[in-house]
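Note that this is a predicted model, so its numbers are computed, not measured. When a ligand or atom number is given, it counts from 1 through the structure's own listing order. FYI, side chains are in, hydrogens and waters are out, and symmetry mates aren't considered; it's all heavy atoms of this structure.
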Amino acid sequence: MSDKVNFGDELVSPEEKTRRVGAVFSSVARRYDLMNDLMSGGMHRLWKERFVARVKPRSGEQILDMAGGTGDVAFRMVQRGAHVTVADINPDMLAVGRKRAERRSLEHLSWKVENAEGLSFADATFDAYTIVFGIRNVTDIPAALREAHRVLKRGGRFYCMEFSSSDWPGFSKLYDLWASNAIPRIGKAVAHDEDSYRYLVESIRRFPRPGAFKAMLSDADFVRAAAEPMLGGLVTIHSGWKI
Ligand code: SAM
């Protein structure tokens with residue numbers, strides 16, 4: 001059983017998980033940005049602004065936005081002068097992102113199909129590595145963290161934003177009700193895909209708590225691993241440095 005991993009609440013083989021995560025995002029790609037607004041009541045925009053303010057992208061920096069999907073976080077970072085490589089395992093998500101970037105005439109962006117667990121980039125390529133609402137979908141998280149460390153330059157920064165189960169008792173109940181009932185229903189009505197949104201909710205519930213994720217960052221040799229909770233711990237920004 002030890003070779004099984006969770007796909008939401010189901011136990012499947014690692015290969016099956018990667019394949020099914022791929023199917024989820026291919027299925028939601030076209031409606032992904034609209035769904036983010038509906039599911040979070042627009043809040044994801046504020047979380048991403050806050051995240052990018054933490055990353056502090058600078059002119060001339062090379063940033064890897066891993067699991068970058070349709071480019072939402074990358075766009076905010078190029079607007080601050082960095083060059084951003086948007087990498088994602090799913091070509092359908094990247095295709096939507098490229099079209100959005102063209103419509104906005106954004107420059108300083110590269111797009112690349114990559115699996116976070118084994119990157120094609122040379123050692124010490126990037127000044128910062130970002131991964132937003134992506135890492136909980138990755139099958140082998142420790143492998144992805146080791147790769148993040150490898151492709152960062154010395155002094156490079158790692159930033160991850162991810163959902164976490166809330167520690168506020170009242171809020172956590174309310175959130176659970178919203179997540180388990182409303183999100184799959186919105187998914188059914190808007191994206192005609194209830195199952196994919198049920199997976200998203202289950203994967204959020206299963207992601208390691210901030211303390212456990214901090215320990216995984218330290219295991220991958222990041223120093224000063226930190227977790228900064230927002231909104232009663234609903235969302236957490238994790239950071240670490242490569243020395
Ligand atoms: N970062 C974007 C954002 O916040 O809008 C997209 C987040 S979306 C919820 C998760 C993304 O992770 C999807 O685009 C999916 O294809 C990607 N993903 C899942 N597993 C991956 C892997 N092993 N390597 C790279 N990307 C992966």
Side-chain angles (χ1 to χ4, degrees), residues 5-8 12 14-40 42-52 54-55 63-78 84-98 100-101 109 111-121 128-148 151 158-164 179 183 187 191 193 196-204 206-207 230 235-238:
V5 293
N6 273 100
F7 174 78
V12 298
E15 298 74 25
E16 172 81 358
K17 171 166 175 161
T18 306
R19 195 188 60 70
R20 285 173 70 174
V21 168
V24 164
F25 286 103
S26 289
S27 149
V28 303
R30 254 177 358 98
R31 299 273 170 147
Y32 178 76
D33 296 295
L34 171 65
M35 282 299 295
N36 267 350
D37 274 331
L38 295 177
M39 288 186 310
S40 73
M43 288 293 285
H44 75 107
R45 294 166 185 263
L46 301 177
W47 299 334
K48 286 170 181 166
E49 288 298 335
R50 171 92 171 258
F51 177 79
V52 170
R54 259 259 157 283
V55 177
I63 301 183
L64 176 59
D65 186 36
M66 195 64 229
T70 59
D72 230 22
V73 173
F75 296 171
R76 289 172 167 84
M77 298 197 290
V78 290
V84 182
T85 302
V86 188
D88 198 287
I89 201 168
N90 193 308
D92 297 325
M93 291 289 280
L94 291 178
V96 173
R98 272 179 199 266
R100 293 177 79 208
L109 280 166
W111 302 85
K112 197 125 195 314
V113 176
E114 294 274 338
N115 183 345
E117 294 167 17
L119 300 175
S120 69
F121 308 106
Y129 175 111
T130 55
I131 183 161
V132 171
F133 304 135
I135 202 145
R136 70 170 189 278
N137 301 296
V138 170
T139 308
D140 187 346
I141 295 176
L145 296 180
R146 284 194 298 275
E147 280 293 85
V151 299
F158 170 93
Y159 295 99
C160 163
M161 182 157 70
E162 198 43 90
F163 292 106
S164 32
I183 290 179
D193 186 350
S196 292
Y197 285 93
R198 196 169 299 289
Y199 159 73
L200 293 187
V201 174
E202 289 164 3
S203 66
I204 291 168
R206 291 200 163 270
F207 187 69
M230 295 198 282
V235 175
T236 303
I237 298 177
H238 304 269

Contact atoms of ligand 1, heavy-atom distance to Met66 under 4.0 Å: 25 (C)
Stacked cation flag Lys48 on Phe133, 6.0 angstrom / 45 deg: no
Heavy atom of the protein closest to atom 24 (N) of ligand 1 (residue, atom name, distance): Ala116 N, 2.9 Å
Ring geometry between Trp47 and Phe163 (parallel below 30°, tilted from 30 to 60°, perpendicular above 60°): perpendicular
Any side-chain donor near an acceptor of the partner, Asn90 and Ser26, under 3.5 Å: yes
Which of the ligand 1 atoms, numbered from 1, are nearer than 4.0 Å to a heavy atom of Asn115: 22 (C), 23 (N), 24 (N)
Heavy atom of the protein closest to atom 27 (C) of ligand 1 (residue, atom name, distance): Ile89 CG2, 3.4 Å
Met230 vs Ile237, side-chain contact (heavy atoms from CB on, under 4.5 Å): CA-CA, chis, key distance, verdict: CA-CA 8 Å; Met230 295 198 282; Ile237 298 177; 4.0 Å; yes
Per-atom contacts of ligand 1 with Phe133, taking only distances under 4.0 Å to non-hydrogen atoms: 4 (O), 7 (C), 8 (S), 9 (C), 10 (C)
Pick from Thr70, Asp72, Asp88: the one approaching atom 14 (O) of ligand 1 most closely through a non-hydrogen atom: Asp88
Side chain, backbone, both or neither: Val21 near ligand 1, heavy atoms under 4.0 Å: side chain
The one among Lys48, His44, Met93 that brings a heavy atom closest to atom 5 (O) of ligand 1: Lys48
Glu114, portion touching ligand 1 at heavy-atom distance under 4.0 Å: backbone
Neighbour count above 12 (heavy atom, 6.0 Å) for Arg30 CZ: no
Ionic contact status for Arg20 with Glu16, cut-off 4.0 Å: yes
Any side-chain donor near an acceptor of the partner, Ser120 and Glu114, under 3.5 Å: yes
Asn137 and Tyr199 side chains, donor-acceptor separation under 3.5 Å: yes
Geometric N/O contact Phe25 with ligand 1, under 3.5 angstrom: no
Atom 12 (O) of ligand 1 [closest protein heavy-atom partner, distance rounded to 0.1 Å]: Ala67 CB, 3.3 Å
Which residue and heavy atom of the protein sit nearest atom 8 (S) of ligand 1, plus the separation: Tyr32 OH, 3.3 Å
